[in-house]
Amino acid sequence: MSSLETNLGKVKLKNPILLASGTCGVAAREFEPYFKLSDLGSIVTKSLSIKPRVGNPTPRVVEVSPACGMLNSIGLQNPGIEYFVKNELPYLTEQKVTCVINIVGETLDDYLQAVDVIKNKSEFCAIELNLSCPNVEGGLDFSQDPKKAFTMVSEVKKITNIPVWAKLSPNITDITEIAKACIDAGSDGLCLINTVLGLAINRWTKKPVLPRGVGGYSGPAIKPIALRMIWETYKKFPKTPIIGIGGIHTTDDAIEFLLCGASAIQIGTANFVNPKASIEIIEGLKKYMEQMKISSINEIVGQAHLQSEKPLAKSAY
Amino acid sequence: MAVKRFLIKAKLIEKKELGKDYHISWFDAPEIVSNISPGQFVMMESGQYLLRPFSVYETDGQKAGFLYKVIGWGTSFLSKLNIGDQVLIHGPLGKGFTYPEDKNKPILIVAGGIGIATFPIVARIAHEKGYKIKTLFGARSANDLVCAEELKKYGELEAITDDGSSGRKGFVTELLKNELTKNKNQEIMVCGPTPMLKSVIKVCNEFSVVGQVSFEEYMACGYGVCMSCVVMSNGKYIRTCFEGPVMRSDAVSV
């Protein structure tokens, strides 16, 4: 009998599939017509801030052809963490979902105030710190400066016992520097990766399509970028659980992420195309495990590194 | 009542060209047909990564029909499909139009351009329910007045074009003002490009009437999770795909 039970340090999930923040509404209520939320490993809430945020003007999305994915600039629209706790959290509890709460802010103090609201609540299996939103002023600072990342994670760890995951940006030269800072500060896991900075131009208006110019690139095209960053991070820090995100659409994608070093994965943009993507991947993983006679999904995490213990080929000059 | 949603592979069984750039594609989609309410939409495979929103133009037996103008990737993809091809359809989605409780209240349809595509089903069902219907239809030119004949089956239709090539020259808001001057007690149902919707809402506000307005915005998911397709309502952004696409004219800030 193969088990999908997933170990992420202190966090145990029934399977390794989560819905990614910003791709499942505020509290994933919209999935009700498609499947039971409790069938998932967990869900990650919309990024929540201490004060509600209106979000950016439209257009907020633009597709990247041919079939590469999309750019978004939502601007962290959310009803605020207090509203969430009062009006959305009871729904998740009723659905028997222990969720991951994603927290965002503009300053360190914003984050700490938001964490303070939920620091003692047992309804959350982890806090995901959004250190990497490209769509607000200063949103990337915390994941581009190791010192700032260190301060953020260690200050949050001081006030809560809920496991803390840092969600990192790919918009950096060496992701392992930030990863190290977060791990040194006590981060219980790392979520890799957030969206990749991109831009689209409208040839008729001769202007960028999105009102802020830049947007966050997501979808199938960013999968290799995510895999590369997970690969590098796992290689240096094999003991820190990695939650992989970036262009995962099928079971095959999910397996690749696990083999690369992610202990769990989040389904993001694929939800937009297929609301049942996450559930189909869980079914697909079960089949793969039976086929390959794998008893626990945790066994395959990082296995691609074992296969390449001999150094990978160097390019010839 | 629990919301019923379907993700189906639907087969194209009939297609028809209605003059330059306008097409109707009919899919075998019994699940959609038996659960659709007028003004709702579906997300359809587009040849790109994301699906595209299409309002349901009419149903016929087990077939769901979509009327569209070829403008971008999605509509071009749809127009090039062959009979027998299958595409992913997700729906029905969103909140459609509501018929007035008072059966004697006439329905006034206000359509701009390809916004007409949502109304044949709305008008047919209204007609079956016994409402009196009138359609005001504004388009760029005579060639863009598609399916006007079909709507005339259910009631009077008055057209106006930007270039005067059919009907009067001008904008549909002029026709609406005339109508409301004659009778304010009409159930107004509107669909069209955003600038036209905004002008119509201003006219509604001027006459202190509340209309039902179907919005169109860029969207990624179509079922409320991505927060892309928002419009401003009382200082907050609400989702076109979930709280809409049909919204009260007094709920939307213009």
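Every chain is numbered from 1, with letters handed out A, B, ... down the list of sequences.
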**OP:** Check the pair B:Val3 / A:Glu32 against side chain to side chain contact (heavy atoms under 4.5 Å, CB included), numbers first and verdict last.
**Re:** CA-CA 9 Å; B:Val3 179; A:Glu32 210 161 286; over 6 Å; no

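- A:Ala67 and B:Gly47 make their closest contact through CB-O, 4.3 Å (heavy atoms, listed as atom of the first residue, atom of the second, distance).
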Original post:
So B:Met227 and A:Asn72, side chain to side chain contact (heavy atoms under 4.5 Å, CB included) or not? Walk me through it.
Top reply: CA-CA 10 Å; B:Met227 311 274 185; A:Asn72 89 77; over 6 Å; no

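- The environment of CD in B:Glu58 is crowded: more than 12 heavy-atom neighbours from other residues, nucleotides or ligands sit within 6.0 Å.
- For B:Lys95, the NZ atom counts as densely surrounded, since its 6.0 Å shell holds more than 12 non-hydrogen atoms of other residues, nucleotides or ligands.
- Within 6.0 Å of NZ on A:Lys86 lie no more than 12 heavy atoms contributed by other residues, nucleotides or ligands.
- Atom CZ of A:Arg29 has more than 12 heavy atoms from other residues, nucleotides or ligands within 6.0 Å.
- Of all heavy-atom pairs between A:Val64 and B:Gln48, the closest is O-OE1, 3.9 Å.
- Heavy atoms closer than 4.5 Å to chain A are found nowhere in B:Met43, neither backbone nor side chain.
- Shortest non-hydrogen contact noted between B:Ala220 and A:Met70 is CB-SD, 3.9 Å.
- Side-chain N or O atoms of A:Glu63 include one that pairs as donor or acceptor with a backbone N or O of B:Leu50 at under 3.5 Å.
- Contact count against chain B (heavy-atom pairs under 4.5 Å) is highest for A:Thr269 among A:Val62, A:Leu19, A:Thr269.
- Highest contact tally toward chain B, considering only A:Cys68, A:Pro57, A:Ala28, A:Pro79, is held by A:Pro57 [criterion: heavy-atom pairs under 4.5 Å].
- Residues A:Val273 and B:Leu88 come closest through the heavy atom pair O-CD2, 4.2 Å.
- Here the OG1-CE distance, from A:Thr58 to B:Met232, works out to 9.5 Å after rounding to the nearest 0.5 Å.
- Residues A:Pro59 and B:Tyr218 approach most closely at CB-CD1, 4.0 Å, considering heavy atoms.
- Proximity to chain A is limited to the side chain of B:Leu7, based on heavy atoms less than 4.5 angstrom apart.
- The environment of A:Tyr91 atom OH is dense: over 12 non-hydrogen atoms of other residues, nucleotides or ligands sit within 6.0 angstrom.
- Of all heavy-atom pairs spanning B:Tyr49 and A:Ala270, the tightest one is OH-CA, 3.4 Å.
- Taking the charged nitrogens against the carboxylate oxygens, A:Glu30 and B:Arg5 have no contact shorter than 4.0 Å, which rules out a salt bridge.
- Contact of B:Phe242 with chain A is made through the side chain alone, with heavy-atom distances under 4.5 Å.
- Geometrically, A:Arg60 engages B:Tyr237 in a cation-pi contact defined by less than 6.0 Å to the ring centre and at most 45° from the axis.
- Chain A forms more heavy-atom pairs under 4.5 Å with one residue of B:Gly224, B:Ser228, B:Gly235 than with any other, namely B:Ser228.
- In this structure, A:Asn271 CG and B:Cys226 SG are separated by 10.5 Å, a value rounded to the nearest 0.5 Å.
- With chain A as the partner, the residue from B:Cys229, B:Cys221, B:Ser46 showing the most heavy-atom pairs under 4.5 Å is B:Cys221.
- The aromatic ring centres of A:Tyr34 and B:His90 sit less than 6.0 Å apart.
- Contact of A:Thr23 with chain B is made through the backbone alone, with heavy-atom distances under 4.5 Å.
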